[in-house]
Amino acid sequence: MRRAVCPGSYDPVTNGHLDIIERASKLFDEVVVAVLINKSKKSLFSVEERLEMLREVTEPWPNVRIDAWHGLLVDYCRTNGIGAIVKGLRAVSDFDYELQMAQMNQQLSGVETMFMSTNPQYSFLASSLVKEVATYGGDVSDLVPAKIEQRLRERLAERA
């Protein structure tokens with residue numbers, strides 16, 4: 001079985017993330033979307049909320065599974081028998097950082113990284129940007145699924 005992981009914080013999941021996940025699901029028998037837990041980051045949504053949102057929006061792809069992990073991604077891959085990491089690249093700046101990570105992961109474990117170029121319509125898209133625009137009342141309806149936009153607006157209203 002060809003298995004891959006799409007790691008990220010997904011705070012919140014965007015249409016750009018979903019584009020990469022959907023495309024990866026066509027290439028691999030199983031794709032694990034792994035919410036990587038970083039306690040030093042201040043997240044808008046809890047890990048449990050992000051897992052729940054990801055389960056909702058990835059429902060159309062039966063070979064996509066949602067999970068969470070705290071620690072090295074290569075340890076997650078080793079523990080779960082995953083041979084590939086799938087990462088989306090938006091710009092050259094992403095490549096510089098992700099190439100170093102890919103080389104380190106390969107050196108540590110032999111796990112390969114596959115880079116997918118982001119759909120041009122999402123090349124500017126980042127969760128942090130979505131949160132900032134939504135915080136100031138901007139329209140993010142084309143950037144995240146409707147269910148996610150609703151939860152984002154509710155969370156921001158709670159914090160206001």
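Every heavy atom of this structure was used, including side-chain atoms; hydrogens, water molecules and symmetry mates were not. All values reported here derive from a predicted model rather than from experimental measurement.
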Group every Ile, Leu, Val, Met, Phe, Trp and Tyr by side-chain heavy-atom contacts under 4.5 Å, then state whether [X] and [Y] land in the same group.
X: Leu54; Y: Tyr76; value: no
X: Tyr10; Y: Met116; value: yes
X: Leu51; Y: Leu44; value: yes
X: Val35; Y: Ile85; value: no
X: Leu125; Y: Val57; value: yes

Considering only NZ, NE, NH1 and NH2 on the basic side and carboxylate oxygens on the acidic side, decide whether [X] and [Y] come within less than 4.0 Å.
X: Arg55; Y: Glu52; answer: no
X: Arg151; Y: Glu56; answer: yes
X: Glu49; Y: Arg155; answer: yes

Inspect the surroundings of [atom1] in [X] and state if more than 12 heavy atoms from other residues, nucleotides or ligands are less than 6.0 Å away.
X: Gln106; atom1: CD; answer: yes
X: Tyr97; atom1: OH; answer: no
X: Gln107; atom1: CD; answer: no

Working to the nearest 0.5 Å, report the span between [atom1] of [X] and [atom2] of [Y].
X: Ser123; Y: Arg90; atom1: OG; atom2: CZ; answer: 9.0 Å
X: Leu99; Y: Met104; atom1: CG; atom2: CE; answer: 12.0 Å
X: Arg153; Y: Thr135; atom1: CZ; atom2: OG1; answer: 9.0 Å

Taking the side chain as C-beta and beyond, is there a heavy-atom pair between [X] and [Y] under 4.5 Å?
X: Leu36; Y: Ser9; result: no
X: Cys77; Y: Val5; result: yes
X: Val144; Y: Val13; result: no

Scan Lys131, Lys42, Lys41 and name whichever one has a side chain to side chain donor-acceptor pair (under 3.5 Å) with Asp11.
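Going through Lys131, Lys42, Lys41 one by one, the side chain to side chain donor-acceptor pair (under 3.5 Å) with Asp11 is satisfied by Lys131 alone.
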Taking Ser40's backbone N and O only, do any of them form a donor-acceptor pair with Asn38's side chain (distance below 3.5 Å, no angle check)?
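Such a contact is found between Asn38 side chain and Ser40 backbone.
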So which of Asp29, Val32, Asn63 actually passes side-chain contact (heavy atoms from CB on, under 4.5 Å) with Arg3?
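Output: one option passes, namely Val32.
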Please tell me whether Gln150 and Glu154 have a donor and an acceptor in their side chains that are separated by less than 3.5 angstrom.
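Their side chains do contain a donor-acceptor pair, which is all the 3.5 Å distance test asks for.
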Would you kindly say whether Ser141 and Asp139 are connected by a side-chain donor-acceptor distance under 3.5 Å?
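Ser141 vs Asp139: donor-acceptor pair found between side chains.
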